[in-house]
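First comes the structure, then the notes that go with it.
Note: hydrogens, waters and symmetry copies are ignored here, and every other heavy atom, side chains too, is used. Letters A, B, ... are given to chains in the order of the sequence lines, protein chains preceding strands, and every chain is numbered from 1.
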Amino acid sequence: MDTRPPINFEEKIYQLWQKGGFFNPDKLKNAKKKVFSIAIPPPNVTGFLHMGHALNATIQDIIIRRKRMQGFKTLWVPGIDHASIATQNVVEKKLRKENLTRFDLGREKFIEKAWEWKREYGDIILNQLKKIGVSCDWSRVKFTMDDDYIKAVYFAFSHYFNKGWIYRDKRAINWCSRCKTSLSDLELEYEEEKSKLIFIKYPLADEKEKYIEVATTRPETMLGDTAVAVNPKDKRYKDLIGKNVFLPLAKREIPIITDRSVDLNFGTGAIKVTPAHSLVDYQISLTHKLKIIQVIDENGRMSENAPKEFQGLKTEEAREKVLENLQKLGLISKIEEYANKIPKCERCHTKIEIIPSEQWFLKMDELAKMAMEAVADDKIHPVKSRKAGISPKAKLFNRVNFHPKRWEKIYLDWLKNVHDWCISRQLWWGQRMPVWFCENEKKKFFISAEKPKKCAICGKCKPKQSTDVFDTWFSAALWPFAIFGWPKETKDLKKFFPTNVLTTARDIINLWVSRMVFSSREMTGKNPFADVIIYATVLTKDGKRMSKSLGTGIDPLELIEKYGADAMRLGLAWQITDSQDIRFDESNIIAGRKFCTKVWNATRFILQGFGNKKISLKAKPKPITSNDKKIMKKLGELIKSTNIDMEKFAFGRAIERIYHFFWHEFCDIYIEKSKKQIQEGKNKKENTEKILFYVLLNSLKLLHPFIPFITEEIYQLLPLKEKKSLIVESWPE
RNA sequence: GCGCGCUUAGCUCAGUGGUAGAGCGACUCGUUUACACCGAGUAGGUCGGGGGUUCAAUCCCCUCAGUGCGCACCA
């Protein structure tokens, strides 16, 4: 043995595990009957492995490896998300280099391109995960656009539809004029921008010398105004309520109304109401039954509903022109500098327009309640459905527990105020909605997962399928059970669902976690998982976001290349605490590598001079000397605390304790003392050797979830009489 | 505006109601056959400021400051 652990041995060890079938629960021969399962948060097909993935994968692998050693039938299902909008944008970007748009190709060819992309790049991230050492069952890889997965999506949609929770409506929604699709609030990013707050005079219809003043940053939208609103409590405008104003440029009369949502203290206290292009105004228009005039179209240009001179202009151009015209009419009273945050498309950074659009919505009131119930405090909100509809054999988790607990509040706050979910997107890459429109009665539609032979409405026409696809998160919401073949009652579904743990990033608690919980409760009657671990965001050492485009990202694969997968895992695991952020410090990885070397060298010493003898450690060795007693006692304590820490998902603390034990208790003290003991007669020598091996073996076991490669490699070198693979050795309890 | 975090050794961070710990770094000594990616040791902190509860607070409460994040607003 060299004084350094081997390099490039990880591949060999990984293959040993795979050949042994240890990742596949069906092949885990010695597993007891209990089951432990995890569904991986499927990375986007466009994704490249970043530190977040590495941390997440490490956490899951630590959990699953310990459970496997404890004798559970463990299953960790890997997979990939088709990531509708993200992938579509990537493919479009590629096309742009050839000066093509998706519209040049047409839908079918474009989708074929996207599949090509998937075939070419889809496995990359999974292979990268393998380098970290993840023990996923690769015979069960899922993709959210697999045939059976699409069936699950359709089934869920029909289920909701039959319940009357799906409806189609034209309403103001977030619209990306580049992606040409609707977006949910969660898919926006906000960017601060200096803009101008413009105070415009709207003359009264019958007393043209009198004005009411409104303030706006988007003057061009005034062309679509259908009212002016003031707060009912506002005394300044008391006399004007109910009167009409004459809307300049558009030359229409619109009423002055009251609405409580108007802030008395902002601007002039009077707002222009543009229901077509503002979510708040849209709400006002519903209560006051106002007209909705769409003046901005799907391309982000002024529509034919705008006065002729503005038609076809981009909104920015129209803004300038509106200002010019108002200036000429003397209707601008002042302009203030104003910093506001404007919404942009998270994927392509185009400014979002609010426009009215026909979309599909999922009613959220019941579902939100269900999701809240899952984390309800029993004392305050008794869980009603605990027994209803659940067979006694089924695993029903009473509660979904967040770790750290504080994230429950984020989850609950969102659900309390949630709006109906717009589940349709005007994209091409994704699960196409199984909705078919009658050609004769164009407003009527029916639902069919298969291409219908005839129209279910008129019976004569060839119905046309909706061109919309589902929001990516609609399919992701089904992940923990759709991966097992749901809605079919498959063996896997029965056996491995619900899963035990979900580990994920905090920014998708609402986007994903909550939606999995209510989908699962509604579709299966069970919570999808019992525990949700929200891991820390990995930042740069000076606290900045790791970003590929800013060049601040650290590539986990480079770290693996440089220090080895174990060192990286250990360095990361070391930093798993309840904190929100990790300021990534490479010195932790270096410490990880040094520790691996230390374990290696301790083994070298213990094996040295042991010859070809074999040792049996079936029985716990009996301590003779005070050193023996001390180390055995400390080991016992360590085993206990490690189990407690790991059950609490306190992996950082667990590995620190193991590290300290191994290095400072075992190596610095016991091994040093053992050198003398070995020279004090045959009996003492043999017993000391037994203790050395015993402590080493147990340390390897405790370390294995954290640094699986080197521990397995070392284990393979040990002269044990009873030997299998460390990955399935019995966990110290 | 509301909410949630964080502020502990030079750096990155643990931690506990009883006057503080790790890793890295610094310094001193050491090349004794597991390991110099090592060993033995040293220095270094009134645990952000102020107030309170307590016999006792870094840990609990209040408040201020700095910093990060989320939500709402974004006319």
In whole Å, measure the gap between the [atom1] atoms of [N] and [M] for me.
N     : M     : atom1 : value
B/A57 : B/G52 : P     : 11 Å
B/G1  : B/U58 : P     : 32 Å
B/U33 : B/G45 : C1'   : 41 Å
B/U54 : B/C59 : P     : 16 Å
B/G17 : B/C35 : P     : 43 Å
B/C6  : B/G51 : P     : 23 Å
B/A20 : B/U28 : C1'   : 25 Å
B/C11 : B/A26 : C1'   : 12 Å

Under 3.5 Å for both donor-acceptor distances, Watson-Crick or wobble: does [N] have a partner, and if so which one?
N     : value
B/U16 : none
B/A40 : B/U28
B/G68 : B/C4
B/A57 : none

**Request:** Heavy atoms under 4.0 Å is the rule here; annotate nucleotides 24-44 of chain B 5' to 3' with B where the base is hit, S where only the sugar-phosphate is, and - elsewhere.
**Result:** S---------BB-BSSS----
**Request:** Would you please indicate yes or no on a ring centroid separation below 6.0 angstrom for A/Y338 and A/F199?
**Result:**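 They do not qualify: ring centres at least 6.0 Å apart.
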**Prompt:** Under 3.5 Å, side chain of A/Y237 to main-chain N/O of A/T258, donor-acceptor pair present?
**Reply:**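 Not a single qualifying donor-acceptor pair exists.
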**Prompt:** For the side chain of A/H53 and the backbone of A/H50, is there at least one donor-acceptor N/O pair under 3.5 Å apart?
**Reply:** yes
Atom-pair distance ([atom1] on [X]; [atom2] on [N]), nearest Å:
X      : N     : atom1 : atom2 : answer
A/K405 : B/C4  : NZ    : P     : 15 Å
A/D645 : B/A14 : CG    : C1'   : 12 Å
A/K544 : B/C69 : NZ    : P     : 12 Å
A/K541 : B/C13 : NZ    : C1'   : 11 Å
A/L188 : B/G70 : CG    : C1'   : 15 Å
A/D413 : B/C2  : CG    : C1'   : 10 Å
A/I554 : B/U12 : CD1   : C1'   : 12 Å
A/N588 : B/U12 : CG    : P     : 11 Å

Contact class for [X] (heavy atom, under 4.0 Å): base, sugar-phosphate, or nothing?
X      : answer
A/S278 : nothing
A/W414 : nothing
A/T274 : nothing
A/V273 : nothing

**Message:** If I take atom OG1 from residue A/T221 and atom CG from residue A/D281, how far apart are they, to the nearest 0.5 angstrom?
**Reply:**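 If I round to the nearest 0.5 Å, the distance is 8.0 Å.
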**Complete:** Regarding the side chain of A/R583, the nearest nucleotide among B/C13, B/C4, B/C74 is B/C13
Please check if any side-chain donor atom of [X] sits under 3.5 Å from a side-chain acceptor atom of [Y], or the reverse.
X      : Y      : value
A/Q283 : A/S261 : no
A/S184 : A/E187 : yes
A/E213 : A/T268 : no

**Request:** Tell me whether the OP1 or OP2 atom of B/G15 has a side-chain N or O from A/R653 closer than 4.0 Å.
**Result:** yes
**Request:** Would you mind telling me which residue lines up with the more 5' stretch of RNA chain B, A/L197 or A/L186, judged by nearest nucleotide?
**Result:**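 Going by which nucleotide is closer to the 5' end, it is A/L186.
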**Request:** Report the residue (A/W407 or A/W574) whose heavy-atom-nearest nucleotide on RNA chain B is the more 5′ of the two.
**Result:** A/W407
**Prompt:** On the ring face of A/F605, is A/K675 found with NZ or CZ under 6.0 Å from the centre and within 45° of the axis?
**Reply:** yes
**Prompt:** When only distance counts, do a donor and an acceptor, one from the side chain of A/Y190 and one from the base of B/C74, lie under 3.5 Å apart?
**Reply:** yes
**Message:** Do the side chains of A/K544 and A/D542 get close enough for a salt bridge, i.e. N-O under 4.0 angstrom?
**Reply:** yes
